[in-house]
Amino acid sequence: MNLFADIHTLVTRSLWELQEEGVLPDGLDFTSVTVEPPRDTLHGDMATNAAMVLAKPAKMKPHDIAVPLAARLLTDERVDTADVAGPGFLNLRLTTAVWAAVVPAALQAGVDFGRSRMGHGKRINIEYVSANPTGPLHVGHTRGAVFGDTLANLLAFAGFDVTREYYINDGGAQVDVLARSVYLRYLEAHGQDVAFEDGTYPGDYLIPVGQALKEKAGDAYVGAPEADWLTDVREFSTGAMMDLIREDLKALGVEMDLFYSEKSLYNTGQIEAALEALEQKGLICEGVPEPPKSRTPEYWEPRKQTLFRSSEHGDDVDRPIRKSDGSWTYFAPDIAYHYDKIERGFDALIDVFGTDHGGYVKRMKAAVSALSDGQVSLDVKLIQLVRLLKNGKPFKMSKRAGIFVTMRDIVDQAGADATRFHMLTRKNDAPLDFDFALVLDQSKENPVFYVQYAHARICSVVRKASEAGLDVNDRNLQNCDLAHLSDMAEIALIRKVAEWPRLLELAVHHNEPHRIAFYLYDLAGEYHVLHNRGKSRETLRFWQPEDAAASSARIAMIRAVAVVLSAGLAILGINPMEEM
RNA sequence: GCACCCGUAGCUCAGCCGGAUAGAGCGCUGCCCUCCGAAGGCAGAGGCCGGAGGUUCGAAUCCUCCCGGGUGCGCCA
């Protein structure tokens with residue numbers, strides 16, 4: 001159930017009725033009429049802007065619309081009061097029974113509370129992480145992984161048909177570098193002294209890969225020319241790296257539906273097919289690209305290249321897809337990859353990139369727009385940098401050249417749950433501080449702890465009531481008499497619970513999973529306030545030994561809070577804790 | 001030079017498909033508690049929402065310009 005949607009429906013229906021009765025003129029558009037929670041609860045439970053929005057098209061004063069609308073709304077049993085206020089707002093106060101009804105609804109739905117069909121089964125592809133297969137995942141990937149995975153969970157919860165995808169950049173020169181680096185480790189495993197020159201990866205993580213290569217190939221490649229081993233070693237190495245990456249992702253709780261190989265696009269006609277599609281739309285041409293606008297274009301010499309006319313689809317300039325030697329630029333396989341996504345029938349695409357790829361967004365959108373004739377949307381979410389700290393000071397783990405703080409290091413130290421939550425305590429395009437001391441802190445300064453603690457506290461109260469003989473089964477609690485819930489603070493808590501479905505809609509609309517983390521933090525906060533009241537005044541405790549009816553109502557209420565906390569944490573991929 | 005992101009309380013940030021007196025945490029000030037419903041509680045001060053125009057009944061939110069910070073900018077992916 002979504003109370004805001006229900007009341008919005010009621011308002012719209014009332015407007016139609018007023019129109020039929022001639023109070024309002026015909027032909028009005030009600031789509032901009034909203035029903036929202038007012039900023040200040042003193043104004044009521046919900047407010048609608050109907051009178052103000054319709055005043056102009058109806059050629060009426062806001063007041064003359066608001067008054068009959070208020071009268072009409074008051075005939076609905078859910079509406080307690082309807083007052084015209086300010087410039088024409090209509091403030092509604094709902095009966096406490098309406099609010100109380102949120103509780104059994106939540107209990108009945110359980111962790112599915114808030115699940116919706118707003119996605120209408122639309123097929124959506126989310127590409128995230130997509131790190132080069134040349135080493136372990138690091139901090140930045142961790143944030144992107146959590147973001148993408150949580151967004152995927154969120155959209156699935158909202159009724160989209162979601163595919164989680166990882167694009168393996170195994171087609172470029174960097175995997176040759178990987179192969180050469182592994183080859184050095186291989187020689188090392190054979191007892192040779194090797195030197196890691198510039199352009200190779202000296203990280204320790206390749207030592208076991210070199211040893212594994214030795215076990216597999218023996219000394220077959222020792223002393224052999226590169227041409228003899230490069231292909232084999234490259235394949236072996238990228239395979240090993242992807243195994244490592246998959247393991248790391250799993251430790252974070254991230255599982256992809258599909259790992260898509262860039263290499264698979266080469267020599268299979270796929271790149272050619274994508275470019276042919278663009279060609280047919282007249283979007284491929286030969287030309288000299290504009291010189292780079294960087295400060296130092298001295299070495300620029302104009303050369304004729306094959307260009308994608310991305311400027312026809314919103315890009316600033318046309319982009320080269322072939323290098324001057326005729327081979328593909330990195331943009332070409334990316335076009336082909338997105339073309340493949342379109343061909344696979346997705347209605348919408350989301351790419352999660354690091355912020356350093358910001359300059360790449362327009363051309364990618366242009367490609368998708370062109371290839372789908374504007375039918376498939378592409379939303380690119382850029383993930384800002386993560387600053388690792390410990391007690392507020394920059395944190396560096398002991399590391400050798402070439403190895404950064406890895407995702408595995410983070411998960412090992414902070415745990416997957418805390419890592420996931422913390423990575424969402426900032427909007428994706430804002431830089432984020434990840435402080436190990438804070439993430440592990442057992443106090444209210446730590447939002448992860450704060451939310452988990454609220455859930456554990458509820459479990460503790462429910463457990464206690466149960467031990468004292470109260471039937472705390474959710475099915476039973478659904479039927480208890482909620483008239484006992486009349487305290488303003490209790491209604492406020494329920495109101496917060498009732499916002500959950502609406503919050504989800506907003507998060508989906510903006511593709512912003514961090515909103516869930518913030519909401520859960522707020523909800524936990526409101527719960528703690530109520531819980532703390534019971535410390536000073538026993539009559540305000542949820543469990544009242546002398547009053548089973550009141551206890552049931554209150555336990556039902558806090559169970560509803562627990563349900564939302566669980567549902568929210570589930571979307572974040574986090575297990576709620578029953579005790580701390 | 002151009003593009004994108006950001007500029008909100010002393011600090012770190014929410015809010016931004018336009019809505020009423022702009023929120024939270026930290027820090028600060030005051031009071032209370034130290035009772036396993038534990039790993040503190042309550043209250044308060046603190047803002048021309050970077051600046052200037054514009055659209056609108058209404059702008060932190062949308063548009064334009066400017067200022068400040070970050071990122072990116074041909075044959076690296």
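Just so it is clear: chains get the letters A, B, ... in the order the sequence lines come, proteins before strands, and each one is counted from 1.
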The side chain of [X] is closest to which nucleotide in this list: [options]?
{"X": "A:Glu512", "options": "B:rC17, B:rU12, B:rG15", "value": "B:rG15"}
{"X": "A:Met52", "options": "B:rA24, B:rC57, B:rA39", "value": "B:rC57"}
{"X": "A:His514", "options": "B:rC75, B:rA14, B:rG40", "value": "B:rA14"}
{"X": "A:Arg426", "options": "B:rC4, B:rC13, B:rG40", "value": "B:rC13"}
{"X": "A:Lys535", "options": "B:rU12, B:rG40, B:rC17", "value": "B:rG40"}
{"X": "A:Lys323", "options": "B:rA77, B:rC57, B:rA38", "value": "B:rA77"}
{"X": "A:Asn169", "options": "B:rC13, B:rA77, B:rC16", "value": "B:rA77"}
{"X": "A:Asp356", "options": "B:rA14, B:rC57, B:rU71", "value": "B:rU71"}
{"X": "A:Arg515", "options": "B:rA77, B:rG15, B:rA39", "value": "B:rG15"}
{"X": "A:Leu506", "options": "B:rA77, B:rC4, B:rC17", "value": "B:rC17"}

(message) To the nearest 0.5 Å, what is the distance between CE on A:Met52 and CD1 on A:Ile65?
(response)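 Answer rounded to 0.5 Å: 10.5 Å.
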(message) Tell me if the CD atom of A:Glu286 is crowded by more than 12 foreign heavy atoms within 6.0 Å.
(response) yes
(message) Looking only at the aromatic ring of each residue, does the gap between the centers of A:Tyr128 and A:Phe147 stay below 6.0 angstrom?
(response) no
What distance, rounded to whole Å, do you find between the two [atom1] atoms, one in [N] and one in [M]?
{"N": "B:rG46", "M": "B:rC57", "atom1": "C1'", "result": "32 Å"}
{"N": "B:rG47", "M": "B:rG54", "atom1": "C1'", "result": "25 Å"}
{"N": "B:rA9", "M": "B:rU29", "atom1": "C1'", "result": "15 Å"}
{"N": "B:rG19", "M": "B:rA59", "atom1": "C1'", "result": "9 Å"}
{"N": "B:rC49", "M": "B:rG30", "atom1": "C1'", "result": "29 Å"}
{"N": "B:rC28", "M": "B:rG68", "atom1": "P", "result": "35 Å"}

(request) Fill in the dot-bracket string of RNA chain B, one character per base: . for unpaired, | for a pair to another strand, ( ) or [ ] for pairs within the strand, taking Watson-Crick or G-U pairs under 3.5 Å. (result) (((((((..((((.....[...)))).(((((.......))))).....(((((..]....))))))))))))....
(message) Assess, by modelled atom type and distance only, whether the side chains of A:His357 and A:Asp351 contain a donor and an acceptor separated by less than 3.5 Å.
(response) no
(message) Is the base of B:rA24 stacked against the aromatic ring of A:Tyr521, taking ring centres under 5.5 Å apart and planes under 30° as the test?
(response) no
(request) Describe, in one word, how the ring planes of A:Phe436 and A:Phe434 are oriented to each other, choosing from parallel (under 30°), tilted (30 to 60°) and perpendicular (over 60°). (result) perpendicular
(message) For A:Tyr527, run the ring pair (Phe, Tyr, Trp, His ring centres under 6.0 Å) check against A:Phe542, A:Tyr521, A:Tyr453 and tell me which one passes.
(response)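 Testing A:Tyr527 for a ring pair (Phe, Tyr, Trp, His ring centres under 6.0 Å) against A:Phe542, A:Tyr521, A:Tyr453 leaves exactly one candidate, A:Phe542.
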